[in-house]
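Everything below concerns the one structure shown next.
In listed order, ligands and their atoms are each counted from 1. For the numbers below, each heavy atom of this structure counts, side chains included, while hydrogens, waters and symmetry mates do not.
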Amino acid sequence: MADPSTIGVLALQGAFAKHVSMLEQCDASLKVIEVRTPAQLWLVDALVIPGGESTTISKLLDLNQLRHPIAERLADGMAAFGTCAGLILLATKVLDGREDQSSFGVIDATVRRNGYGRQLDSFEADLRVRGVEDPYRAVFIRAPKVEAVGPSVEILASIAGSAVLVQSGSIMASAFHPELTTDLQIHRLFLELVRTS
Ligand code: GLN
């Protein structure tokens with residue numbers, strides 16, 4: 001896609017509002033919309049799936065009849081960026097999930113919900129991110145831990161041997177919350193991916 005004009009942020013639950021404002025700050029010519037219905041989904045060139053609670057978002061995807069339309073768009077190659085709970089919702093395998101939650105399975109990764117444990121409920125870490133010039137300070141909140149990735153997955157950043165930012169084709173996903181800082185580098189990286197995919 002040469003010039004993405006509309007980016008959607010899934011707005012069923014969680015940290016969606018800040019993603020909208022970060023994306024708008026990246027590029028004033030972008031149209032950024034909150035997505036709550038299939039009709040809104042059809043308007044977007046790419047979708048951000050925010051952090052929050054993956055079990056709740058999973059339930060709301062069904063209640064709002066968004067699961068199949070999103071799966072269809074992803075199968076058609078729509079670019080997507082899942083952050084924290086969003087990473088869980090994009091992964092192929094979820095450990096410590098609830099039985100009634102399910103994911104889109106478009107990034108070949110095994111992720112453990114709340115995998116950094118109780119003591120590390122929330123923490124910050126300095127990352128070196130592939131494709132990003134400056135060091136990046138990432139905020140983690142009850143983050144999922146990426147325990148394994150398949151060969152189609154590129155690791156863009158990791159801490160202590162665990163991937164925390166990954167990419168597979170037009171899908172990007174982070175264990176951290178890029179919308180909770182003032183640093184736009186990760187959103188810019190996603191917009192670059194949208195432009196080239
Ligand atoms: N632990 C949450 C979940 O399982 C994710 C936390 C977050 O998105 N900050 O969905």
Check your understanding: Does an N or O from I88, backbone or side chain, lie closer than 3.5 Å to an N or O of ligand 1?
Key -> no
Point to revise | Pair K145 + E147: basic N to acidic O under 4.0 Å | key: no
Please check: side-chain N/O of S103 versus main-chain N/O of T92, any donor-acceptor pairing under 3.5 Å?
no
- prompt: Would you say R142 has any N or O atom under 3.5 Å from an N or O of ligand 1, going by distance alone?
  reply: yes
Of all protein heavy atoms, the one nearest atom 9 (N) of ligand 1 is H177 NE2, 2.7 Å
For residues 35-67, the ring-ring contact (aromatic ring centres under 6.0 Å, His included) pairs (sequence neighbours left out) are none
In this structure, atom 1 (N) of ligand 1 is nearest to the protein heavy atom N114 OD1, 2.6 Å
In ligand 1, the atoms that come under 4.0 Å of a heavy atom of G52 are 2 (C), 5 (C), 6 (C), 7 (C), 8 (O), 10 (O)
With sequence neighbours left out, the residues meeting ring pair (Phe, Tyr, Trp, His ring centres under 6.0 Å) with Y136 are F176
task: State plainly whether the residues R188 and E133 are in salt-bridge range, i.e. N to O under 4.0 Å.
output: no
Logged contact type for R113 with ligand 1, heavy-atom cut-off 4.0 Å, is side chain
Candidates G14, S54, G51; heavy atom nearest atom 10 (O) of ligand 1 found on S54
closest protein heavy atom to atom 7 (C) of ligand 1 is C84 SG, 2.8 Å
**OP:** Determine whether F140 and L87 fall in the same hydrophobic cluster, where Ile, Leu, Val, Met, Phe, Trp and Tyr are linked whenever their side-chain heavy atoms lie under 4.5 Å apart.
**Re:** no
(message) With salt bridge (Lys or Arg N to Asp or Glu O under 4.0 Å) as the criterion, how do D96 and R112 come out once you've worked through the C-alpha distance, each side chain's angles and the decisive distance to 0.1 Å?
(response) CA-CA 6 Å; D96 294 341; R112 187 177 294 281; 3.1 Å; yes
ask   = Should I141 be counted as touching ligand 1, given the test is an N or O pair under 3.5 Å?
value = yes
